[in-house]
Amino acid sequence: SVFLNGSYWTNELSLTQTYMTEGKLLSIAAEGYTYYGGVHPNSYSRAWNFDLTTGKFLTADDLADESSRYGDASTFQRAIYWQMLNEVEEKRMADVYFSDYDSYLHDFPTFATLNFTEDGLTVTFDQYIIAPYAVGPQEFQIPYDSFFYTLSRHMQSLLDMPKETVDRIIDLCREYPEISNVLCGV
């Protein structure tokens with residue numbers, strides 16, 4: 001933060017969440033805050049996902065791949081997209097969002113930050129992406145059971161899913177055979 005000639009500027013970055021599996025995955029979320037004058041300050045989100053077994057950053061493209069028997073990157077993207085769209089409908093937020101919000105949900109890897117938590121994936125859209133500033137950033141909590149089987153085998157191994165969660169996903173696949181080819185790779 002700087003104070004010059006009666007003006008005050010600030011640029012801050014704070015860690016908001018970290019999640020780590022046993023020596024395999026580190027996921028960090030942060031919020032930034034800037035004020036350089038003007039009507040209001042701005043905030044933004046950042047997220048970093050590290051594969052600790054390879055030492056590399058993970059991108060959305062790394063989460064699922066063509067060689068996975070459970071689907072490709074577009075299958076992963078569709079699974080996340082439908083979860084977000086369902087949440088928008090359940091919370092009746094469509095009227096609050098910009099008219100083209102659906103296109104941003106569909107292309108979320110480009111317009112949102114992604115970070116893993118104990119319960120799933122958090123997808124965060126900053127202000128002005130899908131909604132006005134006054135609505136604030138929009139966060140979607142995507143449970144693992146809605147996309148786990150669209151991930152590459154390597155990504156699945158990084159998550160250390162509890163056996164009961166994997167069993168629940170398998171039960172869902174058995175219960176809904178019409179979606180099992182997409183979600184369960186069978």
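One distance of note links CG of Asp61 with CD of Gln77; it measures 8.0 Å at 0.5 Å rounding. Put simply, CG on Asp51 and CG on Asn49 are 10.5 Å apart, with the number rounded to the nearest 0.5 Å. For the atom pair CD1 of Ile142 and CD of Glu139, the computed distance is 10.5 Å after rounding to the nearest 0.5 Å. To the nearest 0.5 angstrom, Ile80 atom CD1 is 11.5 Å from Thr75 atom OG1. Rounding to the nearest 0.5 Å gives a distance of 11.5 Å between OH of Tyr101 and CZ of Phe125. With values rounded to the nearest 0.5 angstrom, Leu52 atom CG is found 6.5 Å from Met20 atom CE.
The shortest side-chain heavy-atom distance between Tyr36 and Asn42 does not fall under the 4.5 Å cut-off. In this structure, Gln83 and Phe147 have side chains that are not in contact, with every pair of non-hydrogen atoms separated by 4.5 Å or more. The side-chain heavy atoms of Phe116 and Leu158, taken from C-beta on, include no pair separated by under 4.5 Å. Inter-residue side-chain proximity for Asn11 and Trp9 is flagged as unmet; no heavy-atom pair is nearer than 4.5 Å. A 4.5 Å side-chain heavy-atom check between Val123 and Gln138 finds every atom pair outside the cut-off. Tyr44 places a side-chain heavy atom less than 4.5 Å from the side chain of Thr34.
Contact record, Gln156 with Leu151: NE2-O, 3.2 Å, taken as the closest heavy-atom pair. Thr53 approaches Gly23 most closely through the heavy-atom pair CG2-O, 4.1 Å. Contact between Ala60 and Pro109 at its shortest, heavy atoms only, is CB-CB, 3.6 Å. Here the closest heavy-atom approach between residue Trp48 and residue Leu13 is recorded as CH2-CD2, 4.2 Å. Listed here is the closest heavy atom pair of Ser152 and Asp62: OG-O, 4.0 Å. The two atoms that bring His40 and Tyr128 nearest to each other are NE2-OH, 3.1 Å, heavy atoms only.
Side chains of Ser45 and Glu31: a donor-acceptor N/O pair is absent below 3.5 angstrom, by distance only. Looking at Asp100 and Ser103, their side chains never bring a donor and an acceptor atom within 3.5 Å of each other. For the residue pair Asn115 / Ser27, no side-chain donor-acceptor distance below 3.5 Å is found, with atom types taken as modelled.
Hydrophobic clustering places Leu63 together with Phe111 (ILVMFWY residues linked when any side-chain heavy atoms are closer than 4.5 Å, directly or through intermediates). Note on Ile28: it does not cluster hydrophobically with Met155, by side-chain heavy-atom contacts below 4.5 Å among ILVMFWY residues. Met84 and Ile129 fall within a single hydrophobic cluster, where Ile, Leu, Val, Met, Phe, Trp and Tyr side chains are chained together by heavy-atom contacts under 4.5 Å. Under the 4.5 Å side-chain heavy-atom criterion for grouping Ile, Leu, Val, Met, Phe, Trp and Tyr, Leu26 is not connected to Leu58 through any hydrophobic cluster. The same ILVMFWY cluster, assembled from side-chain heavy atoms under 4.5 Å apart, contains both Phe108 and Trp82.
Counted within 6.0 Å of CD on Glu118, heavy atoms from surrounding residues, nucleotides or ligands total 12 or fewer; the atom is thus considered open.
Between Phe50 and Phe57, the angle of the ring planes lies from 30° to 60°, which puts this pair in the tilted group. Using cut-offs of 30° and 60° for the angle between ring planes, the Tyr144 and Phe148 rings count as perpendicular.
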(request) Give the C-alpha distance, both sets of side-chain angles, the deciding distance and a yes or no for side-chain hydrogen bond (donor to acceptor under 3.5 Å, both in side chains) between Tyr97 and Asp102. (result) CA-CA 9 Å; Tyr97 291 161; Asp102 183 71; over 6 Å; no
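Put simply, the side chain of Thr10 never gets that close to the backbone of Tyr35: no donor and acceptor are under 3.5 Å apart. Side chain of Thr21 to main chain of Leu159: no donor-acceptor pair is present (N/O by atom type, distance under 3.5 Å, no hydrogens or angles).
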